[in-house]
Amino acid sequence: MTATLRIGFIPLVDAAALIVAVDKGFAAAEGLDVELVREVSWSNVRDKLNIGLFDAAHLLAPVAIASSLGLGHVKVPIAAPFNLGINGNAITVSPALHAALMEQIDGDRFDPMATAKALAKVVAIRRKAGAEPLTFGMTFPFSTHNYQLRFWMAAAGVDPDEDVRLVVLPPPYMVDSLKNGHVDAFCVGAPWNSIAVDLGIGHILHFVSDILVRAAEKVLAVRQTWADKNPDVVAALVRAAVKAAEFIEHPENRTEAAQILAQPERIGVDAEVIQRTLTGRLKISPDGTFRESGRYLLVGREGAGRPDPTQAAWLYAQMVRWGQTALTPDGVKTAMAVFRPDLYDAALGNRAPEQAPAAFGAFAGPVFDPDNIRGHLEAFEVGRWKT
Amino acid sequence: MSAEQSPKIVIVDESPIRAAILEEGLREAGFTQVVHISEMQSLLARIYAVDPDIILIDLENPSRDVLEAMFQVSRAVRRPIAMFVDQSDSASIQASVEAGVSAYIVDGLKKERIKPILDLCVSRFNAFAKLQEELERTKSQLEDRKVIERAKGILMRVKGLTEDEAYVLLRSTAMREKKKIGEIAQSIITASEMLK
């Protein structure tokens, strides 16, 4: 079997499994001739996938769900047979906001509840002083970045639609926007947080794994109709991605993986900066403070590659919580059907799946239950969901 | 334009040449209200100020995500409808995407009114792409010629050849090595600089 594929990606470290699958020859070994196309916006990736200019794409998990639900754009059912990454984002704040938060913080600076409460105080102080609301940058309305920021600040009573401004910025513009004061903070994937720290204009306040221990970030997305017609190609693609993810996760391969990703036509930044994300050891302050976490970005390990429909249900619940869609039984079903562990299992010859943890490990709120989204959302004070 | 007033069209494009080509085409077709925005920093503020019926944007513009977010949260935009509203017309969608034009219809214009605008944009975008290609080719030809002249000069000086002999040597070497004359000439220049 030889299949020629065009696959779109955004230059981010969580495209690692896809890029390595192609550039290290895992895709070719599965009989796939893949052309990777570097893109500039999620809208573009989604549109080109939806109309068939791409066969597959590196896609924000919530965009795959939104596309299947027909939210924000046309309705094109998407199938995600492989999860490209768990976690991987960080929240970076300007030195001024960092200082303000540290002045107000009561407790551990890496505890998101402590920082969220400090944020609530800073917001109140600014309001009293008649200052402009704080502005937070994120990458897309249907993005984990958006939901992670909201989840975090709302836990301390900060209303993300009333008390602060949330704006969409293309990832490459984040750093400049922080520098020139257009935003006070942002949530984005690697390498942009590290670049802000290296330039001395930002502090990484949180790895998003502080907020949710395990959150689906990007998926390998294909059109549902295309997956139905090309099951063998889908399976080959999944196998190539699984092998690439295994390669990346081997500590002795990290340097090589980072070099592959650093190529100008791929991510195009310093290999050393990329390697920080892969190893989970990041410089978090311009003064050279490092912080290490085994959960910064999971590419394949701990069963990260196998799509988990509960994750899709959680993302759908966030869309409901923030008023992007209404809660319906059909909506939950459609969202969950986007994540396809069955296709993943079929590709690997139905080898018994590793048991993925069902819980998200959120720092606030009750344990998420996909069968009771309404009950889950009612447990949160801040939100604007409607039925 | 007949009875209906010409819709207000905003072109979001960082390339002034392409925007000019587009604007001219739209004006020729009778669309009188066309505004070009090239400044990405204050994009949203400018769009709010113009309050357009249609936004035409280059597909490869990173600010597309910014615009989409605007459609979802904006109070200023009345009835946001993104492009590709009518999924039945996949041929024209494909043509638009391949040409590189994306349209955002912000005020519920009828499909019959947006269609000619899109068609015109597609042909103009394609014309621009062709122009760009020709420009690139001419530029590289010019570059090549300069490099060949310099390499000939070096060969004439170092090997005591006439201009014609130098050129023949370049050409025969290129043929033997299965490379372009420009490449051979460039390597002669590089080598001579290293040997200085």
Checklist outcome for this item: Whatever's closer than 4.5 Å to a heavy atom in chain B on Ser177(A) counts as neither
Next on the checklist: Taking the basic N atoms (NZ, or NE/NH1/NH2) and the acidic carboxylate oxygens, is any pair closer than 4.0 Å for Glu39(A) and Arg64(B)?
Outcome noted: no
Item to check | Contact winner vs chain A - Asn61(B), Leu44(B), Asp65(B), heavy-atom pairs under 4.5 Å | outcome: Asp65(B)
Checklist entry - With sequence neighbours excluded, what pairs up with Arg145(B) under the side chain to side chain donor-acceptor pair (under 3.5 Å) test? => result none
Checklist entry - Heavy-atom count around Arg150(B) CZ within 6.0 Å, excluding the residue itself: above 12? => result no
Next on the checklist: Can you tell whether the side chains of Arg38(A) and Glu60(B) come within less than 4.0 Å, N to carboxylate O?
Outcome noted: no
Report all side-chain donor-acceptor pairs from residues 181-190 of chain A shorter than 3.5 Å, counting only partners two or more places apart or in another chain.
unit_1: His182(A); atom_1: ND1; unit_2: Gln41(B); atom_2: OE1; d: 3.4
unit_1: Asp184(A); atom_1: OD2; unit_2: Thr135(A); atom_2: N; d: 2.8

Item to check | Residue Lys8(B) excluded, over 12 heavy atoms near NZ under 6.0 Å | outcome: yes
Checklist entry - Pro170(A), Pro172(A), Ser41(A): which one forms the most heavy-atom pairs within less than 4.5 Å of chain B? => result Ser41(A)
Next on the checklist: Quick check on Asn180(A) against chain B: is it the side chain, the backbone, both or neither that has a heavy atom closer than 4.5 Å?
Outcome noted: side chain
